[in-house]
Amino acid sequence: MAETQPAPIERRSLRAKPFSKADRAFFKSATWAANSSIVLVSLIFIFLMWRSWPAFESQGVDYIFGSTWDNNPENLVMQIGPMLWGSILVSTIGVVLAVPMAISLAYFIVFMANDRFGKIATVMVDLLAALPSVVLGLWGLLIFSPVAAGWAEMIYQGLGFIPIFDNSSGNFLRSPFIAGWVVAVMIVPIIASVTREIFSQLDRDLISASLALGAGRWSTFRRVILPTSGGGIVGGVLLGLGRALGETVAIFFVLNLVFEVNWFNILEDQGGSVASMILAKFGEAGQDEVAGLMAAGVVLFVVTLFVNMIASFIVAKAQPWRK
Amino acid sequence: MTQLSAQDINVWFGQRHVLKDVNLLFPEREVTALIGPSGCGKSTFIRTLNRMHELIPSAGLGGKVLLDGVDIYEPSVDPVGVRLRVGMVFQKPNPFPTMSIKDNVLSGLKLASRKHADPNGLVETSLRRASMWNEVKDRLGDPALSLSGGQQQRLCIARSLAMDPDVLLMDEPCSALDPGSTRRIEETILELKEEMTIVIVTHNMQQAQRVSSQTAFFLAEDGNPGQVVEFGSTDQVFNQPVDLRTNDYVNGHFG
């Protein structure tokens with residue numbers, strides 16, 4: 001006699017459908033919002049690709065790596081090399097300046113300030129993040145640039161023999177150094193608020209344990225706090241880097257855009273920025289040139305997307321002990 | 001010869017008076033248990049013995065903690081030096097998550113920027129003293145968080161022992177552990193008391209009786225600050241308590 005197979009167990013869904021009107025409306029709007037954000041980003045990308053394709057097609061690889069921009073309609077040459085490198089250079093300076101400031105600020109707010117002062121400082125930092133970049137640009141141009149030019153001149157006089165601090169023009173205004181400072185002011189609040197959040201979630205017992213073992217504040221910071229929160233801080237830094245790469249107006253106010261690659265002379269009054277270049281040229285561009293500017297937008301989009309992807313990857317990987 | 005004593009200890013958090021007039025003497029190489037219901041100030045008190053309240057800006061202290069006759073709260077005393085002599089094990093096992101088992105044992109040296117002639121030997125000795133060498137000797141490079149809760153707690157004990165303290169403070173070291181791990185830590189305590197002075201906060205009456213030679217009973221009544229109601233040999237406190245409240249507590253009538 002053949003054994004009878006046991007009847008397969010029916011597998012039932014554990015999710016209830018929304019019963020109330022409010023639930024249904026809420027589910028619908030959430031689904032709609034999620035889908036529309038995906039559609040919107042895709043549409044923007046398709047639009048940019050469509051409008052910029054002629055430029056990529058006519059300019060070829062030189063669009064990225066060349067250094068000439070000639071808007072003579074008879075012989076249009078569009079190459080954004082110096083702008084692309086300039087964006088990277090200025091953002092890097094900004095990040096290098098901003099990271100120590102932001103981390104110190106976050107440490108102070110979380111571990112040193114009393115409750116009341118900590119709260120006030122937090123609000124101030126968030127307000128700084130909310131400043132429109134055109135305001136920061138004007139501040140950078142009118143107030144900050146002359147001051148920073150003085151610093152730059154001092155650096156040149158003391159360290160000018162090091163190539164990156166060389167300056168051939170004698171003009172210390174409108175340099176990547178100054179633009180980097182302005183960018184740093186913009187991204188300090190971003191990095192600081194991410195870092196503050198991470199510091200405040202840190203297990204206080206770890207800090208107590210470190211102090212109980214005879215550690216000072218500095219070695220606790222360096223050997224316990226930083227390693228434990230490192231991944232999150234890197235995520236915040238990359239978030240700031242994304243903002244810095246896309247910064248437009250503020251840099252436009254304080255930097256000379258020159259179509260000749262300035263590899264690393266950060267005190268020289270020439271630099272580049274993809275986003276600022278689009279702003280500078282858009283008003284007077286003919287149809288073909290607009291395609292070239294759209295193409296710059298595509299490049300910026302891809303670079304920023306790439307930075308954000310690295311950011312989320314690092315943040316996800318960084319803290320394996322947090323399940 | 002290490003002498004640790006607390007004289008007229010009072011603690012405030014902001015305006016709140018949480019601990020009043022605590023006087024205790026911790027004889028060398030003996031285990032002192034601090035017992036009492038939750039919120040009576042035992043943990044607050046034990047943390048005054050190595051200046052762990054420094055992280056709380058609103059905390060204030062009255063009285064003295066004397067380590068070999070020197071008040072550890074004197075402005076001229078470096079708290080780092082105090083903590084090197086008075087180690088601490090916390091309620092929740094808290095190994096450093098980014099470090100391996102070995103690096104956790106050596107973390108005190110690194111944190112205090114000290115050199116040791118034979119770090120590998122120190123790792124072995126410390127883990128042996130915490131009676132966990134055999135369990136982990138083949139995987140010293142593994143992350144500390146790969147250990148079980150009880151092992152993590154013993155790793156934290158080994159981490160403190162590596163600094164060779166004269167006094168070890170234990171703040172409910174077994175409250176997050178299973179009975180087996182608890183028993184092993186109690187065995188470790190009994191071995192360690194041959195070499196150092198131990199102060200242990202515990203909620204477990206049996207534990208206090210198993211490991212300690214003297215016991216202090218803390219109590220905070222009706223919003224009053226915590227105080228020591230009774231202090232004496234463990235045998236006396238548990239079997240012939242003088243104070244009625246002690247009698248009620250050790251016999252499980254409240255708390």
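We name chains A, B, ... by the order of the sequence lines, and we start the count at 1 in each one.
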How many angstroms lie between atom [atom1] of [X] and atom [atom2] of [Y], to the nearest 0.5 angstrom?
X	Y	atom1	atom2	value
A:Ser219	B:Lys110	OG	NZ	12.0 Å
B:Leu106	A:Leu213	CG	CG	11.5 Å
A:Arg204	B:Asn94	CZ	CG	14.0 Å
B:Thr98	A:Ile225	OG1	CD1	11.5 Å

For [X], look at atom [atom1] and say whether over 12 heavy atoms of other residues, nucleotides or ligands are found less than 6.0 Å away.
X	atom1	result
A:Tyr156	OH	no
B:Gln15	CD	no
A:Phe117	CZ	no
A:Asn35	CG	yes

Of all the heavy-atom pairs spanning [X] and [Y], show the shortest one and how long it is.
X	Y	result
B:Ala112	A:Gly214	CB-O, 3.6 Å
A:Arg217	B:Glu54	NH2-O, 4.4 Å
B:Val80	A:Ala215	CG2-O, 4.1 Å

I want to check something: taking the side chain as every heavy atom from C-beta on, are B:Phe96 and A:Pro227 in contact at a cut-off of under 4.5 Å?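 Answer no - side chains too far apart.
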
Flag side-chain contact, heavy atom, 4.5 Å: A:Ser208 against B:Met52: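 SC-SC contact between A:Ser208 and B:Met52 confirmed.
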
By a 4.5 Å heavy-atom criterion (distance strictly below it), what part of [X] contacts chain A: side chain, backbone, both, or neither?
X	answer
B:Arg159	both
B:Asn50	side chain
B:Pro79	neither
B:Val86	backbone
B:Phe90	side chain

Residue, of B:Arg114, B:Lys92, B:Met88, that accumulates the most heavy atom pairs under 4.5 Å with chain A: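 Going by pairs under 4.5 Å, I would pick B:Lys92.
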
Using a 4.5 angstrom heavy-atom cutoff, name the option from A:Asp115, A:Leu211, A:Ile207, A:Asn114 with the most pairs to chain B.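 Counting heavy-atom pairs under 4.5 Å, the top option is A:Leu211.
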
